[in-house]
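Report on the structure given below.
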Amino acid sequence: MSRRYEPSEIEPKWQQVWADEGIYEASEDPADPRPRFYALDMFPYPSGDLHMGHAEAFSGGDTIARYKTMQGFNVLHPIGWDAFGLPAENAAIKRGVPPAEWTRVNIEQQARSFQRMGMSFDWTRRLASCDPEYYRWTQWLFLRFFEKGLAYRKASPVNWCPNDQTVLANEQVIQGACERCGAMVERRNLTQWFFKITDYAQRLLDDIDTLDEWPERVLTMQRNWIGRSEGARVTFTIEETSEEIEVFTTRPDTLWGVTFFVFSVEHPAVERLAKLAGTWGEVEPLIERARLASMVDREAADTKEGVFLGVHAINPVNGEKVPVYAAPYVLMEYGTGAIMAVPAHDERDFAFARQHALPVRVVIQPPGGDPIDPDAMTEAMSHEGVMVNSGIFDGEHSPGSIAKVAAWLSEEGRGEATVSFRLRDWLLSRQRYWGAPIPIVHCPACGEVAVPDDELPVRLPDDADFQLGGDSPLARHPTWKHVACPSCGGDAVRDTDTMDTFVDSSWYLFRYCSPGYEDGPFRREDVDRWMPVGQYTGGVEHAILHLLYTRFFTKVLYDLGMVGFTEPFPKLMNQGQVIYDGASMSKSKGNIVEPMPLVQRWGADSMRLIMLFAGPFEDDIDWKLIAGEDPNRRPGVHSWLGRVFAAVADAVEREVGATEPESLRRLTHKTIKGVTEDLDRFRFNTAISKLQVLTNEMRAVLDAGDAALGAARALAQLLAPFAPYAAEELWRVGLGEAASVHTSSWPRHDRALVVEETVTMVFQVDGKLRDKAEVPADIDEDFALSLAHGSVKVAAAIGDREVVKQIVRAPKLVNLVTKG
RNA sequence: GCCCGGGUGCCGGAAUCGGUAGACGGAGGCGCCUUAAAAGCGCCGGCCCGAGAGGGCGUGUGGGUUCGAAUCCCACCCCGGGCACCA
């Protein structure tokens, strides 16, 4: 082995050897006794070459996969591409390249880069969600959902991106803007396909409690997104029409404080009631304004706009008639689209009441305080208190009384306790070309008819027109949609929408278990063998979207009897983002740093080590701070690898005659233990620092003329998950091993050698460090005290004061407390 | 507004069953080796006072608990992220 570290020479060499030896292919041999481990990285989107985010995420995921292999697991570490989606189509519009072509070129580029980075993928399982043999099964799964009533079409107000010319799921709208292009989203009333994820809201929420190895923030985000609220449904009656209207409230204890009633402007009863009462002339403009306003404008408006409908609602608890309004602040999508308004105890209702000069009636009084004067109130009173003006419930303590009131409502038939969720059904149809076509035929006679399984996939046409405007590309295609109805044979048309790409990515993890399987999306026995995923790695930006959808899919697959578990990823690891100077990297800012030039210049191992050593894996990396201003400056980790090469080479030459010092053997075993523990907790940065400490100690030992071969062997192995090329060179060439370091057994520490024989004891006087001494690890208290009292520095610090207390924590410290 | 994270040297970060704060690395300075460069090796490195020995201060701010607090408790400030008229 060259003493000199030259990644440009060793990396291509080993890349070829590994490919030839096939060492990263997961074994399906039933006789293989090793336990299985599924190491999964979120599959990348193929827009251009790999970026820094990929480099960071996959460096961590690959380190885990390699570590698990060395620990004796039969590891499945697959790769594929989330290959459908808008960017391919937008590229087609912009440059005239077909989406399939653009996607294929990018996938090939990323595949080459992954190999160059030394990722230990099992390439035999590679997939792309845009391949017909993949989306065939996406469509097949859709049909199973459809049969179960979990995929359905309905007309509703939906989010429409005017720029991308398609609808978006709720989860894809960030602060009123399209998560892809940033355009302000509009509301449109359209008929669209939905997955009934709301049927699974409670299970999705309950099972969060089993995900104790997920980052807390992700669990919190999912809980908030599902947004469970306990409360009651209460039935009000419209006086003028006698129709019953339900409302949802979390505060049934405030029912006696209702002074008005409000419909969402989108509520179907509004138009009818207004016309009946002769107020349509005032109501219609409001509805028009609300409809045209963007979501953001609607939410940002601090005015409590609203119009009196001219009708009244009867409060079921006291028979009072209150005026009925229509107002944009009430959401059609949540609860029932209508609310009972209690201005005294709800902030929003309070603001509305003040604006419209409506009465405020206090029904909860602060305990022990002065009674609240409704006219003097400047804000709603929403905290706990005692119920008043509430009939038989007067004197009950709120919020404890909520359940009692709900139970009473139920008994009286005026309402019932219920639960409401913030989660909405998943809008999955898109008016775009580059996605899996929805396998449904619309027949004038038979309605929505499933495409028979044996006719899947419903293939995308190659000759679509991608230009924006008018209908979607599939709807505009002259022939594609016209088919015979699978049921009656009559003239019918295909559904011309495609599926959200998040449908594709909700089941790819299952497909990796049964690559190329032709009788279904996957074999149950394959999935049961490999799953659930042992370690899932990816960005926190998927905290809600992808992770929630995939959890939903897994539960549906479980209910269909297709898998034997209900949570796909018991362990989740989120890498931080790679940013620049405090801001995300972007083309428009011109601050993009690419990983591949770094790999070319300094080697894949240095790129990986930079990522992993920069800080905790889950923290963001600010490239400007860790790399400095000069991108051509030699990275510190590259220098370290150089020192490792020199030290290992020296250790090999030194072999004959010299002995390895006990202290180095101890440090080696301590390092094995520490690095193992760090890897188990994804603390790559501290693991690497421990390897650096070992390297430094080896250098000192070698310079003193002693041997360090044991340390060198351990170092090569411990380095393998982080810097696979350098470790392989050290192992096979430097240390003369025949087989790959990556299939060698992870070293074990010798317990006897990690127990410290001596430790540094510190002597404090009044909590301040005054002296220290090397002492045996099993020192007793008396001896420790005598050492403390024997210290000249301690004596000087005590002076003529009296020692009133002696704290002894053998063998770590003695603290003498003085007085006077 | 509500809910999560997080504030430690010039910088990335170590150390959280309370017990030597600043491991490891970067940037910087000095030196060795070399004709020279590269590569490699060694030393210094929180702030203040002091020639030095040494002393004082120091983990966002202010209190508290404790022999002892980066770590625990209370209040506050700042930064990042998520949600946001969810009844």
Side-chain angles (χ1 to χ4, degrees), chain A residues 3-6 174-176 215-225 227-229 231 247-251 254 262 298-302 304 327-331 333-336 338-342 345-349 351-352 420-424 540-541 543-544 577 579 582 609-610 613-616 618-622 624-630 633-637 639-640 642-643 645-647 650 683 685-693 695-696 699-700 703 760-769 771-772 793 796 804-807 809 812-818:
Chain A
R3 196 173 183 284
R4 178 88 186 269
Y5 173 54
E6 286 291 353
I174 311 297
Q175 303 199 330
E216 192 55 43
R217 59 177 168 163
V218 175
L219 298 179
T220 304
M221 283 163 71
Q222 292 222 347
R223 279 195 194 97
N224 292 344
W225 191 262
R228 184 181 195 273
S229 292
V247 299
F248 173 76
T249 178
T250 55
R251 296 293 305 276
T254 64
V262 191
R298 224 171 112 173
E299 285 165 9
D302 43 332
K304 286 284 177 222
Y329 87 90
V330 175
L331 304 175
E333 301 89 350
Y334 187 76
T336 63
I339 62 156
M340 61 179 224
V342 186
H345 305 293
D346 180 277
E347 210 183 302
R348 297 150 299 181
D349 298 344
F352 192 90
S420 195
F421 292 94
R422 212 194 71 115
L423 183 71
R424 319 263 208 276
V540 73
E541 66 272 20
I544 294 170
Q577 291 191 8
I579 57 174
L609 287 169
I610 288 170
F613 186 55
E618 62 275 14
D619 287 7
D620 287 352
I621 294 174
D622 193 325
K624 189 182 181 188
L625 298 181
I626 66 155
E629 299 294 339
D630 182 3
R633 187 191 289 274
R634 188 179 186 215
V637 290
S639 305
W640 169 51
R643 288 189 286 126
F645 266 62
D650 289 349
R683 305 182 59 147
N685 58 329
T686 53
I688 292 167
S689 78
K690 289 180 174 78
L691 295 177
Q692 293 176 338
V693 170
T695 309
N696 294 345
R699 186 74 259 155
D703 287 349
T760 305
M761 170 170 267
V762 303
F763 302 126
Q764 298 178 331
V765 176
D766 296 323
K768 287 199 168 110
L769 177 70
D771 203 358
K772 27 181 148 176
K793 289 177 181 172
V804 294
K805 196 166 183 181
Q806 307 188 122
I807 312 286
R809 294 287 180 273
K812 298 211 73 170
L813 113 172
V814 172
N815 185 17
L816 302 178
V817 186
T818 67

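Not a single ring-ring contact (aromatic ring centres under 6.0 Å, His included) links F763(A) to another residue, sequence neighbours left out. For D349(A), the salt bridge (charged side-chain N to carboxylate O under 4.0 Å, His left out) test picks out no residue, with sequence neighbours left out. Shown here are the salt bridge (charged side-chain N to carboxylate O under 4.0 Å, His left out) partners of R251(A), two or more places apart in sequence or in another chain: D253(A). Not counting sequence neighbours, the partners of E6(A) by the salt bridge (charged side-chain N to carboxylate O under 4.0 Å, His left out) test are R4(A). Under the side chain to side chain contact (heavy atoms under 4.5 Å, CB included) criterion, K812(A) pairs with no residue, sequence neighbours left out. D619(A) meets the salt bridge (charged side-chain N to carboxylate O under 4.0 Å, His left out) test with no other residue; sequence neighbours excluded. With sequence neighbours excluded, the residues that form a ring-ring contact (aromatic ring centres under 6.0 Å, His included) with Y5(A) are H638(A), F645(A).
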Exercise. Taking only Watson-Crick and G-U wobble pairs with both distances under 3.5 Å, what dot-bracket line describes RNA chain B, where [ ] shows pairs that cross earlier ones and | shows pairs with another strand?
Worked result: (((((((..(((......[....))).(((((.......))))).((((....))))..(((((..]....))))))))))))....
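C73(B) and C4(B) are spaced 14 Å apart, taking the P atom of each and rounding to whole Å. C10(B) and C47(B) have their P atoms separated by 6 Å, given to the nearest Å.
Between the side chains of N815(A) and R809(A), no donor-acceptor pair of N or O atoms lies under 3.5 Å.
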Would you list the protein and nucleotides 48-52 of chain B atom pairs, both N or O, that sit under 3.5 Å from each other?
none

Under-3.5 Å N/O pairs linking protein and nucleotides 67-69 of chain B:
residue: C67(B); atom: OP1; partner: K805(A); partner atom: NZ; Å: 3.0
residue: C67(B); atom: O2'; partner: N815(A); partner atom: ND2; Å: 3.4
residue: C67(B); atom: O2; partner: N815(A); partner atom: ND2; Å: 2.3

Seminar exercise, completed: Quick tally for nucleotides 39-44 of chain B: nucleotides whose base has a protein heavy atom under 4.0 Å get B, sugar-phosphate-only ones S, the rest -, giving SSSS--
Seminar exercise, completed: B/S/- along nucleotides 11-16 of chain B (protein heavy atoms under 4.0 Å) is SBSSS-
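Using a 4.0 Å heavy-atom cutoff across all strands shown, G227(A) reaches no nucleic acid atom at all.
Out of C83(B), C4(B), A87(B), the shortest distance to the side chain of R422(A) is found at C83(B).
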